[in-house]
Amino acid sequence: MLLDDLNLQQREAVKQIEGAVMIIAGAGSGKTRTLTYKIAYLLEQGISPYNILALTFTNKAAEEMKERIIDLTGNTAKSILMGTFHSVFARILRLEADRLGYVRNFTIYDTDDSKSVIKSIVKEKHLDEKLYSPSFILDRISKAKNNLFSSTDYLNNTELLTEDRMVKRPEIANIYKEYNFRLRRAMAMDFDDLLFNLNVLLRDCPDILDKYQQRFKYIMVDEYQDTNYSQYLIIKKLSSKHGNICVVGDDAQSIYSFRGATIRNILNFKKDYKNATIYKLEQNYRSTQNIVNAANSVIANNENQISKEVWTENEYGRKINYMNLDSDREEAFYICSAIRQRIEEEYAHYKHFAVLYRTNMQSRALEEALRLRNIPYRLYGGISFYARKEIKDILAYFRLVSNNNDNEAFLRIINYPARGIGNTTINRLKLLAAEQNTSLFNVSVQLNTLPSDINKATRDKIVEFCRMISSYSKLLDTENALNLGEEIIRFSGIKIELHKEETIEAEEKINNIEELINSLQSFVFKDDDILIDELTGEEIYQQNRTLTTFLSQVSLMTDADMDLEDNDKVVLMTIHAAKGLEFPYVFIAGMEENLFPSMLSLTSRADTEEERRLFYVAITRAQKELLITSARMRFRYGELVFSEHSRFIDEIDPEYLSQPLHTKKAFPAGNLNGNSNSNTQNTKKPILTLKKKSVSSDSKLELPKPIGGVPAHMLNKYEVGQQVVHASFGKGIILILDGEGDSRKAVVEFEDKGKKTLILRFAKLEIL
DNA sequence: AGGTACTTATAGAGT
DNA sequence: ATAAGTACCT
């Protein structure tokens with residue numbers, strides 16, 4: 001019996017399937033479990049999977065939840081429409097695109113595309129490029145869209161206009177208008193448009209609203225605390241017919257207000273939905289009592305919250321270990337030692353550890369230390385796979401084939417690899433496109449019939465390029481994503497171009513492209529079963545495995561959707577990325593004022609509260625043990641910055657800390673409890689000098705030799721083709737050698753682990 | 001048109 | 001520290 005697996009509160013929340021329900025779920029209280037069982041329960045009650053819509057925060061969460069539901073109730077669950085707001089709504093928008101004057105193949109612009117559009121608008125309007133920085137403008141436009149202000153609304157809104165004038169950027173409204181115009185001309189939507197345009201669709205097309213209201217009799221929303229107004233309104237409209245809506249969230253874990261999420265959605269739920277029932281899940285199954293209590297003591301400092309008491313029956317557990325170290329390097333080494341010690345003494349595995357931090361840039365020092373200590377790790381965030389240049393290049397080819405009007409894709413690849421179409425030509429094309437009010441591709445195909453200053457030879461090259469792209473476009477609906485994709489990659493010549501470089505980096509890029517081909521393959525061939533389109537209910541086989549669908553999926557993919565793999569590796573990620581995850585051992589690094597809480601958050605009470613919630617999220621990721629570190633000085637943008645420890649440390653009730661605060665002296669790195677000796681190198685050593693310019697060869701000599709490091713002159717003994725042995729990767733053959741001195745690298749093909757790029761100084765390769 | 005050398009902006013979380 | 005943009009040379 002399904003309900004037997006749940007506690008009392010969870011069961012009550014699951015059983016109430018009619019009406020509006022809000023589940024306030026404390027950290028670790030089995031939120032996902034409750035949601036999963038609720039959907040399974042709906043199916044068990046005979047409700048059709050077609051009538052269920054479930055919106056989650058990541059695609060991966062949706063996938064996992066679906067799998068679990070299939071386990072519980074069988075294959076019918078496959079037809080439940082489940083995914084992130086953006087991916088589900090993108091699918092609906094594609095189906096109904098014509099009603100909005102879009103084509104089905106519209107492109108989804110990522111942040112880079114958006115910024116580049118803004119940049120060219122600012123340039124053409126001859127505005128001050130420093131004042132009108134793309135990120136500032138985009139942020140402003142994004143906030144407007146998330147609150148459903150169209151560019152016309154914006155232009156008529158005195159409040160917004162005044163705000164812009166106050167910050168000396170009165171032209172934002174006009175940029176917004178032009179930006180939207182250009183996106184539409186390119187048949188593109190940005191992330192916010194996916195939500196905005198669905199609102200427009202539901203507002204202007206009563207038949208469509210009715211259709212989806214009929215269809216979605218039961219709506220579930222996960223992570224409700226992180227929804228914005230635009231999302232809120234969609235849910236509200238869709239649910240207003242049947243009124244069966246269930247939202248799950250935790251106001252204490254709301255951490256996305258910077259991208260428009262508003263905690264009001266949770267706080268006002270009762271007002272918005274009459275007769276709403278609210279359930280609270282307060283028993284934590286994840287963490288020790290000490291961790292739960294410490295987290296409670298921190299979040300108590302926030303004024304705005306729904307009262308709840310998270311408690312646990314788990315063991316009391318260890319106190320939180322807080323360590324203030326001299327530098328970011330020492331912090332990283334301390335973390336490494338602590339990991340090593342726990343692995344040796346407590347039989348922990350690498351994958352049981354997560355190192356969390358506030359900003360992506362902090363990963364660098366940590367990575368370096370982990371590599372030096374031969375601790376395997378996996379980095380999340382930063383440059384994700386799909387954001388890599390070579391991948392974006394290939395995807396731009398796909399995009400242009402899929403949507404000829406995609407100007408950003410056109411600009412990216414028209415002369416990459418170089419085919420003799422330079423800046424002058426591109427500017428002339430832009431001019432023509434503006435005159436004809438159409439896309440760059442459209443003027444390019446008919447270039448020979450238009451008057452232009454472009455010479456014949458160049459014209460021919462452009463026309464030929466477009467002819468090829470067009471010929472691929474014709475195959476979009478008939479060829480699957482893999483066949484077409486591989487063909488386009490061959491046509492692009494990017495792999496040949498990279499091959500010519502003959503560097504390790506280029507080889508790596510080629511590998512990444514192969515990886516992309518793999519993902520095309522698994523996209524096309526995944527799941528041998530009959531596939532059911534959750535949206536239309538159609539049974540489909542290979543039909544929808546097109547390149548366009550692949551692109552849509554890829555552009556909405558995030559790091560959180562990548563598999564954590566079964567690999568035994570320490571995980572490095574930002575706290576934002578750690579939302580919803582849990583680890584036996586958690587480190588929170590960089591607990592310093594102006595870093596966490598971030599300097600930018602200290603101006604308003606609301607922002608500081610959000611930072612505190614972020615800290616709360618970080619603490620509550622830990623199951624067994626929590627370790628917090630800070631550094632007195634660290635490098636930020638190439639300069640040395642000194643900091644005090646974070647105010648949030650002082651907010652933890654000292655009762656839950658293993659040692660009194662204000663430890664002025666740094667402890668040796670291996671010293672976990674402040675009282676034992678250690679054999680690790682971490683005696684006083686010179687920190688890099690203050691002046692950034694002075695990090696010359698002299699001061700480099702001052703640095704301690706890395707453990708396992710080999711003097712540079714010893715690195716010349718390696719040769720391509722040699723058999724070598726690596727401590728953790730085993731046997732392999734050297735394929736490529738590159739670089740000089742300390743940065744000399746080798747690409748080695750290992751028997752079991754495949755190709756790896758190794759820094760020879762650290763890798764300790766033995767020649768066989 | 002394409003490549004290299006120098007300058008400058010940018011470092012807050014991410015769909 | 002680094003990526004991206006610009007100026008200048010071939």
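Since the model is a prediction, treat every value here as computed from it, not as a measurement. Residue numbering restarts at 1 for every chain, and letters A, B, ... go by the order of the sequence lines.
- Atom-to-atom, CD of Q225(A) to P of dT15(B) comes out at 15 Å; the value is rounded to the nearest Å.
- For N423(A) and H86(A), each mapped to the nucleotide of DNA chain B holding its nearest heavy atom, the one lying further toward the 5' end belongs to N423(A).
- The aromatic ring centroids of Y109(A) and Y179(A) lie 6.0 Å or more from each other.
- Counting heavy atoms from C-beta on, the side chains of K389(A) and R412(A) come closer than 4.5 Å.
- For the pair L356(A) CG and dG14(B) C1', the computed distance is 16 Å after rounding to whole Å.
- A donor-acceptor contact under 3.5 Å links the side chain of E611(A) to the base of dG12(B).
- Using a cut-off of 4.0 Å between Lys/Arg side-chain N and Asp/Glu carboxylate O, R613(A) and E610(A) are scored as salt-bridged.
- Atom P of nucleotide dA3(C) and atom CG of D112(A) are separated by 14 Å, given to the nearest angstrom.
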Any protein N or O atoms within reach of nucleotides 3-9 of chain B? Criterion: under 3.5 Å, listing atom names and distances.
{"residue": "dA9(B)", "atom": "OP1", "partner": "K130(A)", "partner atom": "NZ", "Å": "3.1"}

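- Across dG14(B), dA1(B), dT15(B), the shortest atom-to-atom separation from the side chain of T574(A) is found for dG14(B).
- Side-chain N/O atoms of S114(A) and D190(A) include no donor and acceptor closer than 3.5 Å.
- Side-chain contact annotation: K145(A) with N180(A), donor-acceptor N/O pair under 3.5 Å present.
- In this structure, R94(A) satisfies the cation-pi test against F106(A), with its NZ or CZ atom closer than 6.0 Å to the six-membered ring centre and inside 45 degrees of the ring normal.
- At least one side-chain nitrogen or oxygen of K119(A) sits closer than 4.0 Å to the OP1 or OP2 atom of dG5(C).
- Regarding Q231(A), its CD atom lies at a distance of 16 Å from the P atom of dG14(B), rounded to whole Å.
- Distances shown here put every side-chain N or O of N59(A) at or beyond 4.0 Å from the OP1 or OP2 atom of dT15(B).
- Side-chain contact annotation: N199(A) with S230(A), donor-acceptor N/O pair under 3.5 Å present.
- What separates CZ of F136(A) from P of dA11(B) is a distance of 13 Å, to the nearest Å.
- Note: CG (L640(A)) to C1' (dA11(B)) measures 16 Å, nearest angstrom.
- Nucleotides of DNA chain B nearest to T458(A) and L556(A) differ in position, and the one nearer the 5' end is that of T458(A).
- In this structure, of dG12(B), dA1(B), dT15(B), it is dG12(B) that holds the atom nearest to the side chain of T359(A).
- Using a 4.0 Å heavy-atom distance criterion, N415(A) is classed as a sugar-phosphate-only contact.
- For R364(A) and dT2(C), the shortest distance from a side-chain N or O to OP1 or OP2 is below 4.0 Å.
- Closest approach of P597(A) and F648(A) over heavy atoms only: CD-CE1, 3.7 Å.
- Contact check, N360(A) against dG14(B): a side-chain N or O comes under 4.0 Å of OP1 or OP2.
- Remark: ring of F258(A) overlaps the six-membered base ring of dA13(B) in a stacked fashion, centroids less than 5.5 Å apart, planes less than 30° apart.
- Note on Y256(A): only backbone sugar-phosphate atoms sit closer than 4.0 angstrom, heavy atoms only; bases stay farther off.
- Distance CZ (F635(A)) to P (dT2(C)): 12 Å, rounded to an integer number of Å.
- Of all heavy-atom pairs spanning G420(A) and N415(A), the tightest one is N-OD1, 3.3 Å.
- Of the candidates dG12(B), dT6(C), dT15(B), dT15(B) carries the atom nearest the F191(A) side chain, counting heavy atoms from C-beta on.
- On the P atoms, dA13(B) is 16 Å away from dA4(C), given to the nearest whole Å.
- Put simply, CZ on F57(A) is 10 Å from C1' on dA13(B), counting in whole angstrom units.
- As judged by a 4.0 angstrom heavy-atom cut-off over every strand, S555(A) is placed among residues making no nucleic acid contact.
- Contact check, T111(A) against dG14(B): no side-chain N or O comes under 4.0 Å of OP1 or OP2.
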